[in-house]
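Let me begin by presenting the structure, written as structure tokens, before commenting on it.
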Amino acid sequence: MSDPTGAGAPVTDEEIFTGHEGGKLSVAATRPISSPRDLSIAYTPGVAKVSRAIAEDAAKAKRYTWADRLVVVVSDGTAVLGLGDIGASASLPVMEGKSVLFKTFGGLDSIPLVLDTTDVDEIVETMVRLRPSYGAVNLEDVSAPRCFELEDKLKEALDCPVMHDDQHGTAIVTLAALRGANLVLDRAIADQRVVVSGAGAAGVACARILQEAGIGDVTVLDSRGIIHEGREGLNPVKQRLAATTNKAGLKGGLAEALEGADVFLGLSGATIDEALLGRMSGGGIVFALSNPDPEVHPDVAARYASIVATGRSDFPNQINNVLAFPGVFRGALDSGARAITEGMKLAAAEAIVSVAMDDLGPDRIVPSPLDPRVAPEVAAAVAKAAQADGVTD
């Protein structure tokens, strides 16, 4: 029987470790050095002329160095994949992989930068001091709620695009997938209530982008239940959620939240009882995105929902951040954007679903992460939005 996901046979441990041996990155020269003349141009004495020109006009660094096109993947190793706080060194293989994806899908040079500190101000200071060496910052695998403070401070301190992919990459692709699902089902998101299980980095960002996109209502839960106004012990991030979500005024846990809900969005890692899905409105949408184990097995979710998606490559409808971040950063850098705006994120989501329009279906609500059309379409849409939002040079 054919494999509809294209995942193929399971990957062995030997293949995994062999694939990482010696790291996954290297630096390649863009100009050959095969003669004394080449050497005198690339290095001394010729390089001195370029350095003097940049010293006189710093803007020339954009043309004569790679910094303006370089994305740094920054992590402190505190929230790595499903592994948690494993530290900077152990996070490096993940960040190397992210840099490989930037090059493969976005055509952007990228280097991993793992920092042996969890102090937000120290990370900000480090990135400010390194600013001449890069063009954009992709924050990765930083624990909540510190990730919110860190991103906000970096955006304030730096004059270049900054995005925490665990937040906004996930949110962009989730919105695209919800758009695709609703097109298949001929429904409008303005009429829907979404239950978001998990109030970490991804959960908060998904709630926010859904609100920006005009969702009817969002109910967000953390480990203590529904986040609502008047609930004690909420941190500032959750206080803002309480003030802007849960229009229905619900209290309690997942059972109360799912009663009559149209969409379940799992971002918590907690397994849920399938009976709870029976509380949703008929023919709902279930996105069980925790990896490696979804909150509910997709075959089980399909008993209750019309459309099911996961974060895994071995099931249909994979919600994968690689659909978003390469194109988002490419579009931001192509346009000379100084920041990544909400409008740019919304434009990215629309571009993603547009690529899948020709063959949308219950098992294809977003394009394949390997579809070569995605990153260019996203980049073009993001660049256009950056200009419209007035954040370009």
Side-chain angles (χ1 to χ4, degrees), residues 79 98 137-145 147-148 150-152 154-155 161-182 189 192-222 227 237-238 240-241 244-245 263-269 285-291 295 309-311 317-329 331-332 339-354 365-367 369 374-375 378 381-382 385-386 389:
K98 196 65 178 283
V137 176
N138 178 107
L139 283 175
E140 194 77 17
D141 294 347
V142 179
S143 62
C147 61
F148 304 115
L150 177 57
E151 186 186 47
D152 287 344
L154 282 174
K155 287 162 65 175
V162 176
M163 189 174 86
H164 183 204
D165 187 48
D166 301 304
Q167 292 185 59
H168 307 297
T170 303
I172 289 166
V173 183
T174 298
L175 175 58
L178 187 57
R179 293 279 197 200
N182 280 315
I189 67 169
Q192 294 178 321
R193 182 168 66 85
V194 177
V195 173
V196 179
S197 178
V204 172
C206 284
R208 289 174 177 171
I209 202 170
L210 290 174
Q211 290 176 309
E212 290 284 341
I215 198 73
D217 193 12
V218 184
T219 304
V220 184
L221 297 95
D222 61 10
I227 295 174
V237 173
K238 293 179 181 180
R240 288 194 293 272
L241 278 178
T244 60
T245 63
V263 181
F264 170 74
L265 174 55
L267 294 160
S268 66
I285 298 168
V286 171
F287 291 174
L289 302 187
S290 291
N291 268 319
E295 288 81 0
T310 72
N317 293 330
Q318 184 190 17
I319 310 302
N320 191 321
N321 286 21
V322 78
L323 288 167
F325 69 82
V328 170
F329 277 92
I340 295 174
T341 65
E342 292 304 313
M344 292 160 73
K345 297 170 196 172
L346 293 172
E350 294 296 335
I352 291 167
V353 73
S354 73
I365 56 174
V366 288
V374 175
V378 172
V382 167
D389 288 347

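Starting from 1, each residue takes its place in the sequence as its number.
For the pair Ile215 and Leu178, the minimum side-chain heavy-atom distance is below 4.5 Å. For the pair His168/Glu151, a side-chain contact is recorded, criterion being any heavy-atom separation below 4.5 Å from C-beta on. Within the 4.5 Å cutoff, the side chain of Thr310 has no heavy atoms near those of the Gln318 side chain. Contact check for Ser197 versus Glu295: no side-chain heavy atoms found under the 4.5 Å cut-off. Using a 4.5 Å cut-off on side-chain heavy atoms (C-beta onward), Phe264 and Ile285 make no contact. A 4.5 Å side-chain heavy-atom check between Val237 and Val204 finds at least one atom pair inside the cut-off.
One finds the CD1 atom of Ile352 at 12.0 Å from the CZ atom of Arg179 (value rounded to the nearest 0.5 Å). Ser290 OG to Leu267 CG: the interatomic distance, rounded to the nearest 0.5 Å, is 6.5 Å. If you take CZ on Arg240 and CD1 on Ile227, they are separated by 12.0 Å, rounding to the nearest 0.5 Å. Between the CG atom in Leu323 and the OG1 atom in Thr170 there is a gap of 11.0 Å [rounded to 0.5 Å]. Put simply, CD1 on Ile340 and NZ on Lys155 are 8.5 Å apart, with the number rounded to the nearest 0.5 Å. If you take CD on Glu212 and NZ on Lys345, they are separated by 8.5 Å, rounding to the nearest 0.5 Å.
Side-chain polar atoms of Asp217 and Gln192 form no donor-acceptor pair below 3.5 angstrom. A donor-acceptor pair shorter than 3.5 Å can be found between the side chains of Asn321 and Asp165. His164 and Glu140 share no donor-acceptor pair across their side chains, judged by distance under 3.5 Å alone.
Closest approach of Ile365 to Ala177, counting heavy atoms only: CD1-O, 3.6 Å.
Using a distance-only test at 3.5 Å, with no hydrogens or angles considered, a donor-acceptor pair links the side chain of Asn291 to the main chain of Gly311. Side-chain atoms of Asp166 come within 3.5 Å of backbone N or O of Asp141 as a donor-acceptor pair. For Ser354 (side chain) and Ala351 (main-chain N/O), a donor-acceptor pair under 3.5 Å exists by modelled atom type.
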- For the pair Gln211 and Thr244, evaluate side chain to side chain contact (heavy atoms under 4.5 Å, CB included) and give the outcome as yes or no after the intermediate values. CA-CA 9 Å; Gln211 290 176 309; Thr244 60; 3.5 Å; yes

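In summary, of the residues considered (Leu265, Leu221, Val220, Val263), a side chain to side chain contact (heavy atoms under 4.5 Å, CB included) with Val195 occurs for Leu221 alone.
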